There are 2 protein chains.
Amino acid sequence: MEKKGSQTAPVAKSDREFVLAASARLFRNQGFDRTTVKEIAEACGMLPGSLHYRYPSKESLLVDLMRLALEQASRSVSIAIAGVSDPVEQLRRGVCAHLNLLVGGSDMVYVLLFEWRSLCGQSRQEMIDLRDRYEALWATMLKSLATQGVIRGDVDLNLLRLIGLGALNWVATWFHEGGRYSVEDIGNFVWHLIRVAVVSDSGQFK
Amino acid sequence: MEKKGSQTAPVAKSDREFVLAASARLFRNQGFDRTTVKEIAEACGMLPGSLHYRYPSKESLLVDLMRLALEQASRSVSIAIAGVSDPVEQLRRGVCAHLNLLVGGSDMVYVLLFEWRSLCGQSRQEMIDLRDRYEALWATMLKSLATQGVIRGDVDLNLLRLIGLGALNWVATWFHEGGRYSVEDIGNFVWHLIRVAVVSDSGQFK
DNA sequence: GTCTATACTCTGATAGAC
DNA sequence: GTCTATCAGAGTATAGAC
């Protein structure tokens with residue numbers, strides 16, 4: 001950790017991500033408060049003292065986790081919609097990307113969205129700001145669709161974003177891998193719902 | 001508490017509801033884990049020892065709170081849709097009733113929906129069952145609408161319920177009294193969204 | 001960087017007087 | 001039924017050896 005200048009530390013980065021991924025898994029399953037630093041350290045194959053070397057407090061770990069989660073989310077959505085010319089298809093991919101972030105691989109985005117209440121004061125505000133920045137991605141996307149005339153002019157874009165993301169976020173509370181619906185099923189359903197309701201030239205439900 | 005048979009105890013019931021309402025407010029604002037029994041007792045104008053007379057443990061209080069929340073929710077939705085002949089209007093009222101439960105007066109439904117992760121084992125399962133029973137109300141309502149031909153036959157009612165309630169539930173995470181949108185604004189928006197997308201003879205967005 | 005050991009705080013729950 | 005007083009346990013954070 002002392003040498004920062006000479007080496008771009010890929011090892012340290014992986015290390016950080018490993019610790020945060022293990023933490024995220026625990027936070028998601030048990031909640032931040034019911035997870036002890038001992039458990040976190042255990043999951044990382046170390047002891048509480050070692051963990052403290054990286055993060056001075058449990059809260060600071062959560063903050064760093066959420067920062068990484070936002071980076072992941074922003075990157076995933078950006079990649080998902082990049083290079084897609086059809087704006088409606090862009091929306092569909094964005095929806096699926098968000099769902100995958102929540103119920104797929106990483107638990108960090110889940111923690112970012114559901115565990116911000118565990119923070120107080122300054123940290124809390126910073127995390128709310130991070131959430132807002134992620135949502136701003138969506139605001140931009142929707143604005144663009146409206147400007148192009150894809151979304152009808154009588155639709156409140158702000159409410160659409162809030163309600164749409166809310167519908168997606170809640171999926172994380174009931175989704176089970178291998179359950180009745182796949183991520184694609186759900187993503188397409190929500191996309192159809194939105195498309196039929198707000199897209200100018202939408203046809204029938206399916 | 002000894003006499004149960006001779007008197008139907010309205011006083012005891014109010015007392016219970018007072019304690020649970022105060023607890024719900026705290027749980028909503030701080031989370032279950034970050035709320036101490038001392039704080040709860042304080043909010044009720046008593047001391048921890050007295051609270052223990054009513055509930056042997058903090059968890060048992062939460063369980064009782066959630067039971068009451070479910071009763072409230074079921075009652076509210078039932079009342080809201082009772083005597084409404086138009087099925088589409090029935091849906092609109094149901095949506096608004098659910099929203100009001102979440103962001104209006106009582107905090108208990110919020111706690112029921114967001115704090116079930118604080119429970120473990122048997123209690124947790126009981127609460128999940130309670131949640132399911134509330135959702136069953138909605139399943140019945142949607143089924144009825146579909147049977148009457150109001151909702152198109154190609155719509156998955158189960159997914160519609162999950163996604164719709166999810167969209168509504170998430171509102172509780174960002175809604176502010178006196179903010180940009182009123183409960184009615186949001187309720188109508190969601191209702192429009194659903195109506196246009198799934199109701200057979202829906203017209204335009206507004 | 002990781003370990004051992006521990007200090008200090010807070011909390012949920014209890015016992016028993018009134 | 002409510003109070004005072006307290007216990008036992010858990011948890012975060014720290015100190016310091018290696």
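Keep in mind it's a predicted model, so treat the numbers as computed, not measured. As a basis for the values below, the full set of heavy atoms in this structure was taken, side chains included, without hydrogen atoms, waters or symmetry mates.
Among residues two or more places apart in sequence or in another chain, the salt bridge (Lys or Arg N to Asp or Glu O under 4.0 Å) test is passed with B:E89 by B:R92, B:R93. Residues that satisfy the salt bridge (Lys or Arg N to Asp or Glu O under 4.0 Å) test with B:D185, not counting sequence neighbours, are absent from this structure. Evaluation of the salt bridge (Lys or Arg N to Asp or Glu O under 4.0 Å) rule for B:E184 yields no partner, not counting sequence neighbours.
Each salt bridge (charged side-chain N to carboxylate O under 4.0 Å, His left out) pair with one or both residues in residues 94-114 of chain B, not counting sequence neighbours, appears once here: B:R28-B:D107. The salt bridge (charged side-chain N to carboxylate O under 4.0 Å, His left out) analysis of residues 157-174 of chain A, with sequence neighbours excluded, yields the pairs A:E135-A:R161.
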Quick one: what's the B/S/- string for nucleotides 2-16 of chain C, heavy-atom cutoff under 4.0 Å, read 5' to 3'?
-> BBB------SSSB--
